[in-house]
Number of protein chains: 2
Amino acid sequence: MSEHAPAPGRVDRESRLAHGDHEALRLWLRLLTCSSLVEASVRSQLRRDFNCTLPRFDLMSQLERHPEGLRMGELSRRMMVTGGNVTGIADQLVKEGLVTREAPPDDRRAFVVKLTPAGRKAFLRMAGAHEAWVARLFAGLPAVERRQLHALLAKLKDSVTASARSEAA
Amino acid sequence: MSEHAPAPGRVDRESRLAHGDHEALRLWLRLLTCSSLVEASVRSQLRRDFNCTLPRFDLMSQLERHPEGLRMGELSRRMMVTGGNVTGIADQLVKEGLVTREAPPDDRRAFVVKLTPAGRKAFLRMAGAHEAWVARLFAGLPAVERRQLHALLAKLKDSVTASARSEAA
DNA sequence: CCGCGATGCTTCAGGGTTAATATATTCACC
DNA sequence: GGTGAATATATTAACCCTGAAGCATCGCGG
């Protein structure tokens, strides 16, 4: 059980671990729990208030930071999903008139995706609410600890990246 | 950009944030990045070595800790997914002979899911490899920092849970 | 005992996701 | 210039996931 006294009736992914289990595993499950909780909250509010999904929001968010547009492959890397996935999400957004898919003159294999004015407007409206939601979810953690957590996660990211890069055995 | 010097060509979900963005948002994106990286690594190895998916592994993992079996609703809560989802995953596992779905005598609406001997055997084989993968992914983080991270994530979990519970505005 | 809200599960539609495969284009090298 | 490897994207099958709707059962208050 957790040393942190869960509320009486609470049951979630972590509860399954007996104390004898190894600590890297427990750390991973706690990380996953936190991530899932935040993601679920944000997704449901995004749906409720804007009838939008998280991946669509994510894609538009990338484009908002790159007014010159991004190629499909760039979107794929930045969103950390496969290329085929981006194709489908972009298709939707094009159909809704929120982004465009233009052929760049220098490479006829590629496509450059850009926000339309309507897309940018819709995104900005969502982004404000989104930031407030996230701030609220993290508000229970003091600023000092948020900074510590941020730094520790940077190290974890390095560890995971290094390990995953040599993923043979 | 990150203060942690990413490798030259690296691009991912976090790179999009300019320094002017607010820190709760950056913390959330870093958390999500870490979680996604670990998840992707584990999923691909689970698939490669055992031809199994993460949700199936997760469900079996719950059952291994509860030899008396779990009801569908319990599985749903522990796995943090909706009930309809569990139905489909359990269906698959029943079809593969790895779990059983029994009707308890006291409640004819419910089903109790249990690992079969074959299911338990298959799970134990995977669990060993799984634990080693996770340990490897987290190995770059010293034990002290792993403990700090674990404690901070406990607080974050509380913060998120408290905030999400009153999710109206 | 009977009605009715709550509970446990399933079904379905709409998306998201991956891995594998296919096609077109570019690039490097000869 | 031509050939072949690498690159950019699209397509598809199979699976995961949610939210909404529906059905059966439970249990409780009258």
Side-chain angles (χ1 to χ4, degrees), chain A residues 9 13 32 35-37 39-60 69-96 101-113 167, chain B residues 9 13 32 35-37 39-60 69-96 101-113 167:
Chain A
R13 193 179 270 115
L32 182 55
S35 182
S36 300
L37 286 172
E39 193 173 331
S41 171
V42 170
R43 178 182 41 234
S44 85
Q45 296 187 78
L46 208 46
R47 177 189 178 81
R48 186 193 56 172
D49 293 353
F50 300 104
N51 196 34
C52 183
T53 67
L54 217 32
R56 291 217 243 280
F57 177 79
D58 195 7
L59 193 153
M60 294 173 77
L70 288 172
R71 288 150 65 125
M72 300 293 288
E74 296 238 29
L75 280 170
S76 167
R77 272 194 302 281
R78 289 173 195 274
M79 296 173 69
M80 302 175 74
V81 297
T82 58
N85 197 351
V86 176
T87 298
I89 297 168
D91 280 351
Q92 290 276 352
L93 291 174
V94 168
K95 210 170 296 174
E96 297 173 20
R101 230 209 219 100
E102 300 170 7
D106 56 311
D107 188 339
R108 293 197 299 176
R109 296 167 301 181
F111 285 108
V112 172
V113 184
E167 196 169 277
Chain B
R13 193 179 272 115
L32 182 54
S35 183
S36 300
L37 286 172
E39 193 172 331
S41 171
V42 169
R43 179 181 41 234
S44 85
Q45 297 186 77
L46 208 47
R47 178 188 177 82
R48 186 192 58 173
D49 293 354
F50 300 103
N51 195 35
C52 184
T53 67
L54 218 30
R56 291 217 244 281
F57 177 79
D58 194 8
L59 193 154
M60 294 173 76
L70 288 172
R71 289 151 66 125
M72 301 294 288
E74 295 239 28
L75 279 170
S76 168
R77 273 195 302 280
R78 288 173 195 273
M79 295 172 69
M80 301 176 74
V81 296
T82 58
N85 196 354
V86 175
T87 298
I89 298 168
D91 279 350
Q92 288 276 353
L93 291 174
V94 167
K95 210 169 297 175
E96 297 173 20
R101 230 210 219 101
E102 301 170 7
D106 56 312
D107 188 339
R108 291 196 301 176
R109 297 168 300 179
F111 285 108
V112 172
V113 184
E167 194 169 278

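Each chain gets a letter, A, B and so on, in the order its sequence line appears, and its residues count up from 1. The structure presented is a predicted model; accordingly, all values stated were derived computationally and were not measured.
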Derivation of the side-chain contact (heavy atoms from CB on, under 4.5 Å) call for A:Gln45 and A:Ser41: CA-CA 6 Å; A:Gln45 296 187 78; A:Ser41 171; 3.2 Å; yes

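- Taken to the nearest 0.5 Å, the CZ atom of B:Phe111 stands 11.0 Å off from the CZ atom of B:Arg71.
- Every residue meeting the side chain to side chain donor-acceptor pair (under 3.5 Å) condition with B:Ser44, not counting sequence neighbours, appears here in chain and number order: A:Glu167.
- What separates CZ of A:Phe111 from P of C:dT23 is a distance of 17 Å, to the nearest Å.
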With B for base contact, S for sugar-phosphate-only contact and - for none (protein heavy atoms under 4.0 Å), nucleotides 20-29 of chain D reads ----BBS---

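- To the nearest 0.5 Å, the span separating CZ on B:Arg48 from CZ on B:Phe50 amounts to 9.5 Å.
- By the 4.5 Å heavy-atom criterion applied to side chains, B:Arg101 and B:Leu93 are not counted as neighbours.
- Going from atom CZ of A:Arg77 over to atom C1' of D:dT9 covers 13 Å, rounded to whole Å.
- In this structure the side chain of B:Glu74 never reaches within 4.5 angstrom of the side chain of B:Val113, judged on heavy atoms.
- In this structure, CG in B:Leu46 is found 6.0 Å from CG in B:Leu54, a value given to the nearest 0.5 Å.
- Counting to the nearest Å, the P atom of D:dT7 and the CZ atom of A:Arg71 are 12 Å from each other.
- For the pair B:Arg78 and B:Asp58, the salt-bridge criterion is not met [side-chain N within less than 4.0 Å of a carboxylate O].
- Rounding to whole angstrom units, CD of residue A:Glu39 and P of D:dC16 are separated by 17 Å.
- When the P atom of D:dC15 is taken as reference, atom CG of B:Asp91 falls 12 Å away, rounded to whole Å.
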Protein-nucleotides 14-16 of chain C N/O pairs closer than 3.5 Å?
from: C:dG16; atom 1: OP1; to: A:Thr53; atom 2: OG1; distance (Å): 2.9
from: C:dG16; atom 1: OP1; to: A:Arg56; atom 2: NH1; distance (Å): 3.4

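- OP1 or OP2 of C:dA20 has not a single side-chain nitrogen or oxygen of B:Arg48 nearer than 4.0 Å.
- The shortest distance between side-chain heavy atoms of B:Arg56 and B:Ile89 falls below 4.5 Å.
- Distance CG (A:Leu75) to C1' (D:dA10): 15 Å, rounded to an integer number of Å.
- A straight line from CG of B:Leu59 to P of D:dC16 spans 10 Å, rounded to a whole angstrom.
- Distance, B:Asn51 CG to C:dA19 C1': 12 Å, rounded to whole Å.
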